[in-house]
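In what follows, a single structure is set out as structure tokens and then discussed.
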Amino acid sequence: MKYCSQCGSEVNLQVPEGDNRPRYVCNACGTIHYQNPKMVVGCIPEWEDRILLCRRAIEPRYGLWTVPAGFMEQGETSQQGAARETLEEANARVEVKALYGLFNLPHINQVYLLFRGRLLDLDFSPGPESLEVGLFEEAEIPWQQIAFPVIRETLGLYFRDRANGGFSLHSGDIVRSGSDMRRYEITIHG
Ligand SMILES: [Zn+2]
């Protein structure tokens, strides 16, 4: 951040009085610009023994596969956000069900909330952010072409749970390890 969104003056990184970490503070109007993690909401749309995946038409990870997910918007619930992302990315209608995965990604200041969802019909098609959309059985999942570690991890848990006969909420942390952008440490809490 360089300029104040309130008055347009320059901001400085400094620890405000009574605080314990640096914030962007406006030199002119004194506004403290707090920055907090963003929520990413999405779902695993299910149809019988298959799930819906989207192939990304945008960066990052263009051409790779993911479940419908994106940044939560103001004024919506996390379930509404998951349904909206599914409609935007796959033109698919879902009944959003139980929360399935909660993952912290502190290195990019994001928290993922991934729900299970029931596809209401098979009338889906790629939205503007998707190259293609399809239903996959477990054996057809393109594991080497999944766009994000958080999605690969969640789908791994999903198929393990399904094989064991029941789904339960999982939470975990996914943290980039060292300077290698492609290496992650994954901790599952339960
Ligand atoms: Zn200002």
Side-chain angles (χ1 to χ4, degrees), residues 1-44 54-92 94 96 98-115 117 126-131 146-154 169-189:
M1 178 179 287
K2 286 184 75 173
Y3 300 104
C4 175
S5 55
Q6 292 295 316
C7 75
S9 301
E10 283 189 26
V11 294
N12 263 339
L13 204 54
Q14 62 187 76
V15 179
E17 200 177 315
D19 204 338
N20 57 11
R21 62 179 68 209
R23 314 282 184 185
Y24 288 105
V25 180
C26 177
N27 295 333
C29 76
T31 298
I32 303 169
H33 297 276
Y34 295 97
Q35 294 181 308
N36 302 97
K38 285 193 159 69
M39 311 290 290
V40 179
V41 292
C43 81
I44 305 170
C54 305
R55 196 153 80 89
R56 290 171 63 80
I58 52 171
E59 296 291 352
R61 316 289 169 90
Y62 179 97
L64 300 184
W65 293 89
T66 186
V67 298
F71 290 117
M72 192 172 169
E73 297 285 3
Q74 310 272 48
E76 70 182 4
T77 67
S78 49
Q79 288 89 345
Q80 287 168 344
R84 176 184 50 73
E85 289 291 338
T86 307
L87 187 61
E88 288 176 5
E89 296 182 3
N91 291 308
V94 284
V96 174
L99 181 62
Y100 184 66
L102 188 166
F103 283 93
N104 300 298
L105 284 64
H107 59 288
I108 49 173
N109 302 308
Q110 294 177 2
V111 177
Y112 269 71
L113 293 176
L114 296 168
F115 296 83
E129 296 182 358
S130 302
L131 294 170
I146 299 295
F148 304 106
V150 61
I151 302 301
R152 192 181 312 119
E153 190 65 23
T154 302
L169 173 64
H170 298 278
S171 64
D173 304 330
I174 298 182
V175 182
R176 191 172 287 151
S177 60
S179 56
D180 183 347
M181 298 282 281
R182 305 215 137 228
R183 290 199 56 207
Y184 295 88
E185 278 184 30
I186 300 175
T187 307
I188 304 296
H189 301 302

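Each ligand, and each atom within it, is numbered from 1 in the order the structure gives. We number each residue from 1, following the sequence as shown.
The shortest heavy-atom contact between L102 and L169 is N-CD1, 4.4 Å.
For residues 3-12, every residue pair satisfying the side-chain hydrogen bond (donor to acceptor under 3.5 Å, both in side chains) rule, not counting sequence neighbours, is listed here: N12-N27.
For the Zn ion (ligand 1), the nearby protein N/O/S atoms, meaning those under 2.8 Å, are C4 SG, C7 SG, C26 SG, C29 SG.
Q110 has its side chain within reach of F71: a pair of non-hydrogen atoms, C-beta onward, lies under 4.5 Å apart. V96 places none of its side-chain heavy atoms less than 4.5 Å from the side chain of T86.
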Stepwise side-chain contact (heavy atoms from CB on, under 4.5 Å) test for H170 and E153: CA-CA 10 Å; H170 298 278; E153 190 65 23; over 6 Å; no

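Annotation: Q80, atom CD; neighbour count of heavy atoms from other residues, nucleotides and ligands within 6.0 Å is above 12.
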